[in-house]
Amino acid sequence: MEGGGNSKGTGLGGLFGAGGVGYSHADLAGVPLTGMSPLSPYLNLDPRYLVQDADEFILPTGANKTRGRFELAFFTIGGCCMTGAAFGALNGLRLGLKETQNMAWSKPRNVQILNMVTRQGALWANTLGSLALLYSAFGVIIEKTRGAEDDLNTIAAGTLTGMLYKSTGRV
């Protein structure tokens with residue numbers, strides 16, 4: 001098969017494409033690509049299959065396309081816990097460096113700084129997570145009681161959360 005471009009390679013070269021089945025541009029010149037515009041020479045598919053003209057998610061009839069307050073509660077609580085841990089760790093690092101500034105760099109100083117970082121991180125994560133839990137619980141209860149999703153639920157949930165959180169102190 002001379003000049004046809006379809007020569008088979010021998011040896012290990014055929015495994016890695018060096019001497020495998022090769023097609024010249026002349027061999028592919030007569031192949032019709034009706035209705036197709038290839039994305040690349042290696043990916044030869046119809047791009048109409050890649051267009052998404054319908055919704056991405058299948059929802060039950062009558063379901064909302066947005067998440068409700070109950071579904072968002074998990075994100076809110078987790079996000080507040082992680083944010084509290086991050087801010088607490090930074091605050092603990094600041095306090096640890098401030099308290100141990102007169103000490104030389106040694107293992108006891110490092111341990112004291114790490115203890116402050118973990119203690120403050122846990123304290124802030126617990127505090128913000130508890131506040132988010134109260135806020136989310138009040139928001140869900142108010143929404144289910146009123147039967148409406150509006151800004152009044154958010155204001156009432158925030159107010160009740162603040163009142164309950166500071167109820168141990170004076171007015």
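We number each residue from 1, following the sequence as shown. All values derive from a computational prediction rather than experimental measurement.
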* Worked verdict on Asp150 versus Glu143 for side chain to side chain contact (heavy atoms under 4.5 Å, CB included) -> CA-CA 8 Å; Asp150 55 4; Glu143 179 184 330; over 6 Å; no
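- Formation of a donor-acceptor pair under 3.5 Å by the Thr118 side chain with backbone atoms of Asn115 is found in this model.
- Taking 4.5 Å as the limit, some side-chain heavy atom of Tyr165 sits within range of a side-chain heavy atom of Thr127.
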* With side chain to side chain contact (heavy atoms under 4.5 Å, CB included) as the test, would you mind laying out the steps for Leu160 and Ile142 before giving the verdict? => CA-CA 10 Å; Leu160 288 174; Ile142 292 169; 3.9 Å; yes
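- Separation of atoms CG (Leu131) and CG (Asn126) is listed at 9.5 Å; rounding is to 0.5 Å.
- Using a 4.5 Å heavy-atom cutoff, the side chains of Tyr135 and Ile77 are not in contact.
- Looking at heavy atoms from C-beta onward, Met103 lies out of side-chain contact with Asn110 at the 4.5 angstrom threshold.
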* Starting from the C-alpha separation in whole Å, work towards a yes-or-no answer on side chain to side chain contact (heavy atoms under 4.5 Å, CB included) for Asn153 and Phe138. => CA-CA 9 Å; Asn153 295 349; Phe138 281 135; over 6 Å; no
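- One hydrophobic cluster, built from ILVMFWY side chains closer than 4.5 Å, holds both Val140 and Phe74.
- Judged purely by distance below 3.5 Å, without hydrogens or angles, the side chains of Asn91 and Gln120 pair a donor atom with an acceptor atom.
- When side chains are defined from C-beta on, Arg94 does not count as touching Met116, because their heavy atoms never get closer than 4.5 Å.
- Leu152 has its side chain within reach of Arg146: a pair of non-hydrogen atoms, C-beta onward, lies under 4.5 Å apart.
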